[in-house]
Student: 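There's a structure below that I have some questions on.
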Amino acid sequence: MLSEKSRPVIAQTLGIIAERIPHITPVFYRSMFEARPDLLDGMFSRANQKNGTQPQALAGSIAMFASHLLNHPDSYPDEVLSRVAHKHASLGLDPREYPTVHEHLFKAIAADLGDAATPEVVAAWDEVYWLMADALIALEKDLYARQANRVAFAPFRVSAREAVADGVLAFEFEPADGTPMTPAVPGQYVTVQVTVTDGLRQPRQFTLVPGRPGHRRVIVREDPQGEVTPVLHRDVAVGDVLELSNPYGDVVLDPASPAPLVLVSAGIGITPVLAFLDQLVREDPEREVLVLHADHSAAAWPCREQVREYVSQLPNARLVSWLGVPGEGDHEGRMDVSRVEVPADAEVFMCGPLPFMQAVRSQLVDAGVPGRAIHYEIFGPDLWMLHDEARAA
Ligand code: HEM
């Protein structure tokens with residue numbers, strides 16, 4: 001809980017800090033990577049630094065945390081902390097790095113605010129930082145303790161690779177040493193370390209899709225402008241060994257809930273849907289499920305046949321598609337949820353590009369689904385979670 005001493009100081013300075021974040025973050029990251037270039041090797045994504053999403057996510061989440069402490073003094077924003085802790089743990093973040101971020105972030109804040117960074121202001125923000133850091137450290141410690149091994153990454157050999165749609169490959173991995181594998185909960189992801197063209201290791205998270213026992217399977221759409229997916233598509237062959245993390249991620253089904261499910265995806269966002277459908281076939285085949293998918297075309301839709309196969313094995317499931325090519329799907333063009341009947345008591349899981357999810361979320365809320373029943377997975381740093389709109393009831 002925030003101390004009574006810091007509370008009014010945070011209330012007074014939250015506005016200015018939030019406004020200055022875009023100016024503070026580039027200075028913070030520049031100074032941190034100058035002092036610690038090793039953090040760009042296998043830890044931070046260089047692409048997310050370039051496009052600015054990660055800097056905004058980290059500093060923005062601290063401002064969001066401070067605002068939560070002011071408005072709800074007795075609680076923490078658990079959803080946000082959980083997402084960040086899972087992402088951190090998937091990168092093997094060591095708690096001893098929290099002082100590193102603290103040092104460079106606070107140096108940048110002091111430089112930006114100048115005289116306004118009085119000792120009182122700095123002490124209050126220090127308190128916020130460590131409240132958040134300690135909450136994350138505790139969650140991460142618990143996540144590490146739940147693994148079947150004590151390593152952040154283990155070597156896995158590519159045991160198969162195959163095309164599953166235009167421009168989309170599936171990679172299957174088998175353990176390349178004796179490290180015990182933590183079983184994944186459907187919907188979780190692993191971090192894969194890829195050595196890119198200049199020799200730097202770059203981490204990326206991929207949702208696990210159903211596969212053979214004792215293996216990990218992911219599907220990867222090539223982004224020609226990307227730094228990692230072209231290397232995976234072009235250079236990674238059967239027999240190659242890559243480092244994979246344990247499985248993490250908190251966007252998973254609640255097995256105790258009987259609520260009807262609505263699974264919404266676009267493009268490569270089909271990956272958690274595949275994992276959920278496989279789980280339902282095995283564990284809860286009578287569940288009422290509505291699967292909604294949007295894609296450019298039938299050929300671009302990853303694992304289309306597999307999705308249809310799962311749906312045919314679930315007596316109370318229905319699949320509705322929106323495809324860009326006339327006549328190929330149930331509907332043409334963009335997803336329009338008003339074309340289907342969504343049960344008001346449904347639990348919704350979405351995965352796809354952010355503008356797609358924002359549009360569908362509004363449609364669902366208009367259709368009477370409460371915001372708290374809408375869950376989403378986003379690939380890359382989540383800036384949406386920093387806005388109440390993404391979480392509000
Ligand atoms: C990701 C917050 C400390 C390394 C993130 C994200 C947030 C965040 C909001 C984005 C999560 C997502 O949506 O995917 C924080 C906060 C911290 C903190 C509030 C301190 C209180 C650290 C430290 C390190 C670190 C100490 C390591 C030195 C990372 C990395 C990512 C990440 C590597 C992945 C993002 C990427 O490069 O794409 N963090 N973080 N964080 N954080 Fe932290």
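Because only heavy atoms are used, hydrogens play no part in the values below, and waters and symmetry mates are left out as well, while side chains stay in. Predicted model only: the values in this text are computed from it and were never measured.
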Student: With side-chain hydrogen bond (donor to acceptor under 3.5 Å, both in side chains) as the rule and sequence neighbours excluded, what pairs involving residues 218-242 come up?
Tutor: R46-E227
Student: Restricting to non-hydrogen atoms, name the atom on L40 and the atom on L200 that form the minimum distance, rounded to 0.1 Å.
Tutor: O-CD2, 3.3 Å
Student: What's the separation between atom CZ in R372 and atom NE2 in H375, rounded to the nearest 0.5 Å?
Tutor: 10.0 Å
Student: Indicate whether the side chain of D295 and that of H293 have a donor and an acceptor atom separated by less than 3.5 Å.
Tutor: yes
Student: Transitively linked via ILVMFWY side-chain contacts under 4.5 Å: V228 with V192?
Tutor: yes
Student: Indicate if M357 and V273 have the same hydrophobic cluster label, given that clusters are the connected sets of ILVMFWY residues with side-chain heavy-atom separations under 4.5 angstrom.
Tutor: no
Student: Under the 3.5 angstrom rule, does the side chain of S82 hit a backbone N or O of E79 as a donor-acceptor pair?
Tutor: no
Student: So which atom in F106 and which in V122 form the shortest heavy-atom distance, rounded to 0.1 Å?
Tutor: CE2-O, 4.0 Å
Student: Can you tell me if NE2 on H296 sees more than 12 non-hydrogen neighbours from other groups inside 6.0 Å?
Tutor: no
Student: In a check of side-chain contact (heavy atoms from CB on, under 4.5 Å) between V262 and each of V289, V369, V340, V348, which one passes?
Tutor: V348
Student: Side chain of N316, backbone of E286: donor and acceptor closer than 3.5 Å?
Tutor: yes
Student: Of all the heavy-atom pairs spanning F44 and P203, show the shortest one and how long it is.
Tutor: O-CD, 4.0 Å
Student: In terms of side-chain heavy atoms, does E140 have a donor or acceptor partner in Y144 at a distance below 3.5 Å?
Tutor: no
Student: Looking at every non-hydrogen atom in both residues, tell me the closest pair between F276 and V252 and how far apart they are.
Tutor: CE2-CA, 4.0 Å
Student: Applying ring pair (Phe, Tyr, Trp, His ring centres under 6.0 Å), run through Y129 and H102 and close with a yes or a no.
Tutor: CA-CA 8 Å; Y129 178 88; H102 175 266; 5.2 Å; yes
Student: Parallel, tilted or perpendicular, judged at 30° and 60°: which one describes the rings of Y376 and W384?
Tutor: tilted
Student: So, the side chain of Q188 versus the backbone of D250: is there a donor-acceptor pair under 3.5 Å, distance only?
Tutor: no
Student: Check step by step if salt bridge (Lys or Arg N to Asp or Glu O under 4.0 Å) holds for E172 and R216.
Tutor: CA-CA 6 Å; E172 184 198 62; R216 304 269 195 230; over 6 Å; no
Student: A quick test of your reading: do over 12 heavy atoms of other residues, nucleotides or ligands sit less than 6.0 Å from CZ of R339?
Tutor: no
Student: Aromatic rings H72 and H68: how do their planes relate, parallel, tilted or perpendicular, breaks at 30° and 60°?
Tutor: tilted
Student: Please determine whether residues Y310 and V218 belong to a single hydrophobic cluster, defined as Ile, Leu, Val, Met, Phe, Trp and Tyr linked transitively by side-chain heavy-atom distances below 4.5 Å.
Tutor: no
Student: Specify the closest pair of heavy atoms between R217 and P210, including all atoms of both residues, with the distance to one decimal.
Tutor: CD-O, 3.2 Å
Student: S245 side chain to A152 main-chain N or O, any donor-acceptor pair under 3.5 Å?
Tutor: no
Student: For atom CD of E97, decide whether the heavy atoms of other residues, nucleotides or ligands shown that lie under 6.0 angstrom number more than 12.
Tutor: yes
Student: For the pair H86 and Y248, name the ring-plane relationship: parallel under 30°, tilted 30 to 60°, perpendicular over 60°.
Tutor: perpendicular
Student: Quick one: do V220 and V307 end up in the same hydrophobic cluster if we chain Ile, Leu, Val, Met, Phe, Trp and Tyr together by side-chain heavy atoms under 4.5 Å apart?
Tutor: no
Student: For the residue pair G380 and R83, what are the closest heavy atoms and their distance?
Tutor: O-NH2, 2.9 Å
Student: Kindly say whether the aromatic ring centers of F65 and Y76 come within a distance under 6.0 Å.
Tutor: yes
Student: Will you find, in the side chains of Q56 and T25, an N or O donor that is under 3.5 Å from an N or O acceptor?
Tutor: no
Student: Taking D254's backbone N and O only, do any of them form a donor-acceptor pair with S257's side chain (distance below 3.5 Å, no angle check)?
Tutor: no
Student: Quick one: pull up CG in L274 and CG in L208 and give me the separation to the nearest 0.5 Å.
Tutor: 11.5 Å
Student: Linking I/L/V/M/F/W/Y whenever their side-chain heavy atoms sit closer than 4.5 Å, directly or via other members, would F379 and Y189 fall into one cluster?
Tutor: no
